[in-house]
2 protein chains.
Amino acid sequence: MRRTSLDDADCPVARALDAVGDWWSLLIVRDAFFGLRRFGEFQKSLGMARNILTVRLRGLVESGILDAVPAADGGAYKEYVLTAKGRDLFPVLVALRQWGEAHQFPGEACRIELVDRDKGAPVQPLELRAADGRRLAGADTLIRTRA
Amino acid sequence: MRRTSLDDADCPVARALDAVGDWWSLLIVRDAFFGLRRFGEFQKSLGMARNILTVRLRGLVESGILDAVPAADGGAYKEYVLTAKGRDLFPVLVALRQWGEAHQFPGEACRIELVDRDKGAPVQPLELRAADGRRLAGADTLIRTRA
DNA sequence: AAGTATAGTTGCATTATTAAACCAATAACC
DNA sequence: GGTTATTGGTTTAATAATGCAACTATACTT
């Protein structure tokens with residue numbers, strides 16, 4: 001598995017991708033948000049090779065994104081549930097989702113939408129805001145090395 | 001290169017990852033936001049194999065994320081610049097960055113920060129909001145199939 | 001106890017990635 | 001105008017990751 005180059009060791013984007021930047025991890029996390037917990041559920045949902053799923057689940061547990069709990073409903077198998085760190089990936093998935101909706105359905109309309117559970121209404125697009133509340137685009141920002 | 005499984009063909013997250021879910025693409029896009037444009041600049045910054053960079057750049061151009069423009073400053077070589085579609089990946093990178101900052105620097109502090117260009121102040125954390133403005137966590141949302 | 005489903009592991013074939021050499025087209029120098 | 005260095009790749013061979021299918025072990029069902 002890849003590691004970030006040394007030049008990139010300080011970049012939080014690179015470190016994030018180090019943990020979840022492979023082919024499957026974010027899809028596993030997406031399914032975990034959707035409520036899947038068991039090895040077989042993930043495997044069936046993703047259609048991926050089982051040995052790779054084993055490796056990915058192990059990696060996500062080691063990264064502290066998933067927790068392998070012995071049993072939830074009395075059943076004897078392990079279940080994989082999101083930790084707080086894993087739940088914090090939610091904005092990443094939402095950002096990918098919104099970008100995919102906007103740009104990866106040319107011609108057709110995306111048939112799946114993310115809605116507010118209470119009201120059933122679609123959520124707002126994510127927006128980056130400055131400390132004073134102004135909306136910011138990429139060009140309005142700057143990467144700075146902290147003192 | 002992987003393609004999403006057929007079950008996932010409708011999921012915008014899967015389609016997004018299909019375009020930028022590999023090891024390098026998002027780092028290339030990050031560097032493009034940072035202002036890099038030339039083959040050699042990307043290669044030097046990322047330290048990746050050049051043939052793979054060739055393939056990734058071609059893929060990003062085919063996906064409409066980058067545009068290969070013949071010359072910007074009169075120089076004769078190609079330059080790779082973000083399209084509108086590519087610039088729309090900004091929230092994805094910010095989400096990864098903020099997650100990385102919060103969780104991938106255990107013990108140490110992340111020395112790089114994203115700031116508002118005008119004011120120099122750090123940006124706000126991305127937040128998902130309902131149509132009526134309420135903050136939403138993952139558990140407050142639902143995936144729904146559109147009529 | 002026998003049969004079945006779950007959760008992996010193992011071994012082998014396929015594919016992706018890397019590192020390094022190679023090449024063509026500028027650009028810089030003299 | 002010819003030589004040399006740099007840029008932007010391509011090709012090739014070795015290495016690493018991934019997928020597929022068969023296998024094992026444990027738990028559940030009857």
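Proteins get letters first, then strands, A, B, ... in listed order; numbering begins at 1 in each. If you're wondering where the values come from, they're calculated on a predicted model, not measured in any experiment.
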| query | Take atom CZ in R111(A); do more than 12 heavy atoms of anything else shown fall under 6.0 Å from it? | reply | no
| said: I'd like to know whether CZ of R117(A) has more than 12 heavy-atom contacts from other residues, nucleotides or ligands below 6.0 angstrom. | reply: yes
Separation of atom [atom1] in [X] from atom [atom2] in [N], rounded to whole Å:
X	N	atom1	atom2	value
L66(A)	dA7(C)	CG	P	15 Å
L53(A)	dT6(C)	CG	P	14 Å
Q43(B)	dT7(D)	CD	P	11 Å
L46(A)	dG8(C)	CG	P	15 Å
F39(A)	dA7(C)	CZ	P	8 Å
E79(B)	dG9(D)	CD	P	11 Å
E41(A)	dA7(C)	CD	P	8 Å
K44(A)	dG8(C)	NZ	C1'	18 Å

Below 4.0 angstrom from OP1 or OP2 of [N], is there any side-chain N or O of [X]?
X	N	result
W23(B)	dA16(D)	no
T54(B)	dT10(D)	yes
R58(A)	dG8(C)	no

If you check every side-chain atom of [X], which of [options] has the closest atom?
X	options	result
Y80(A)	dT9(C), dG8(C), dT17(C)	dG8(C)
R38(A)	dG19(D), dA7(C), dG8(C)	dA7(C)
K78(A)	dT18(D), dT18(C), dG8(C)	dG8(C)

| request: Applying side chain to side chain donor-acceptor pair (under 3.5 Å), name anything that partners R30(B), two or more places apart in sequence or on another chain. | output: D8(A)
| Side-chain (T83(A)) to main-chain (I65(A)) donor-acceptor, under 3.5 angstrom | yes
| task | Please check if the side chain of S63(B) supplies one atom and the backbone of G59(B) the other of a donor-acceptor pair under 3.5 Å. | result | yes
| task | Any chance you could measure L27(A), atom CG, to D31(A), atom CG, to the nearest 0.5 Å? | result | 7.0 Å
Restricting to nitrogen or oxygen on both sides, can you table the protein-nucleotides 19-22 of chain C pairs closer than 3.5 Å?
unit_1	atom_1	unit_2	atom_2	d
dA19(C)	N6	N51(B)	ND2	2.7
dA21(C)	N6	R50(B)	NH2	3.3

| task | May I ask you to decide if the ring planes of F33(B) and F90(B) are parallel, tilted or perpendicular, using 30° and 60° as cut-offs? | result | tilted
